[in-house]
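Right, one structure below, let's go through it.
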Amino acid sequence: GTATASDIYVLASYDAGDGQVWNQAQSETFDLAAGYHIDITLNLRFPPLDIHTRVVVQIVMDGYSISTSHSEWFDT
């Protein structure tokens, strides 16, 4: 579309299982005009030791998760 996307933010965290997360970080809210891009950097604190987890990244717009991606599973 050609409309500006408003009220967007990025969430990143470690997957704790059962719908729970560890050390979630959230970007500032931003707007994005059609045809443009933005680079967002989030710093996550390391998760607890001796767990099996993955990094989960969500793009949220108007309070709804519109995209979710994740890393491969790894052990800490």
Side-chain angles (χ1 to χ4, degrees):
T2 58
T4 295
S6 301
D7 260 350
I8 303 169
Y9 60 92
V10 178
L11 291 175
S13 59
Y14 296 100
D15 192 331
D18 295 324
Q20 302 296 310
V21 298
W22 283 297
N23 302 345
Q24 181 171 284
Q26 179 177 323
S27 74
E28 297 291 327
T29 302
F30 58 93
D31 297 336
L32 192 61
Y36 286 82
H37 74 273
I38 188 169
D39 294 321
I40 302 291
T41 300
L42 294 174
N43 295 308
L44 292 176
R45 289 182 298 121
F46 202 71
L49 295 177
D50 299 321
I51 62 166
H52 189 67
T53 190
R54 62 185 175 172
V55 175
V56 180
V57 177
Q58 292 182 292
I59 300 173
V60 180
M61 185 172 75
D62 294 327
Y64 296 96
S65 177
I66 60 170
S67 180
T68 301
S69 61
H70 53 80
S71 70
E72 296 292 324
W73 289 94
F74 60 93
D75 296 317
T76 61

Honestly curious: do Y14 and I59 fall in one hydrophobic cluster under the side-chain, below-4.5 Å linking rule? yes
Keeping D15 on the side-chain end and G17 on the backbone end, is there a donor-acceptor pair under 3.5 Å? yes
Considering non-hydrogen atoms only, spot the tightest contact between S13 and W22 and give its length. CB-O, 3.6 Å
Of all heavy-atom pairs linking L11 and Q24, the shortest is CD2-NE2, 3.7 Å
Hphob cluster co-occupancy, Y36 + I66, side-chain heavy atoms under 4.5 angstrom: yes
Is it the case that atom CG in N43 sees more than 12 heavy atoms from other parts of the structure closer than 6.0 Å? no
Which heavy-atom pair separates M61 from A5 by the least distance, and what is that distance? SD-CB, 3.7 Å
Any donor and acceptor pair, going by atom type alone, linking the side chain of S65 with main-chain N or O of Q58 inside 3.5 Å? no
Which heavy atom in R54 sits nearest to a heavy atom in E72, and how many Å separate them? CB-O, 3.6 Å
Is there a side-chain contact between P48 and T76 (heavy atoms, below 4.5 Å)? no
Would you mind reporting whether F30 and I40 have side-chain heavy atoms less than 4.5 Å apart? yes
Which atom names give the shortest non-hydrogen contact between A12 and L44, and what distance separates them? O-CD2, 3.3 Å
Check whether any side-chain heavy atom of T68 sits under 4.5 Å from a side-chain heavy atom of V56, and report yes or no. yes
Hey, what do you get for CD1 (I8) to CG (D31), rounding to the nearest 0.5 Å? 7.0 Å
Quick one: closest heavy-atom pair of F46 and N23, and the distance? O-ND2, 2.9 Å
Sequence neighbours excluded, which residues qualify as ring-ring contact (aromatic ring centres under 6.0 Å, His included) partners of H52? W73
Given 3.5 Å as the limit, does a donor-acceptor pair link the side chain of T53 with the main chain of A16, or not? no
Treating Ile, Leu, Val, Met, Phe, Trp and Tyr as nodes and any side-chain heavy-atom pair under 4.5 angstrom as an edge, say whether V10 and V55 lie in one connected cluster. yes
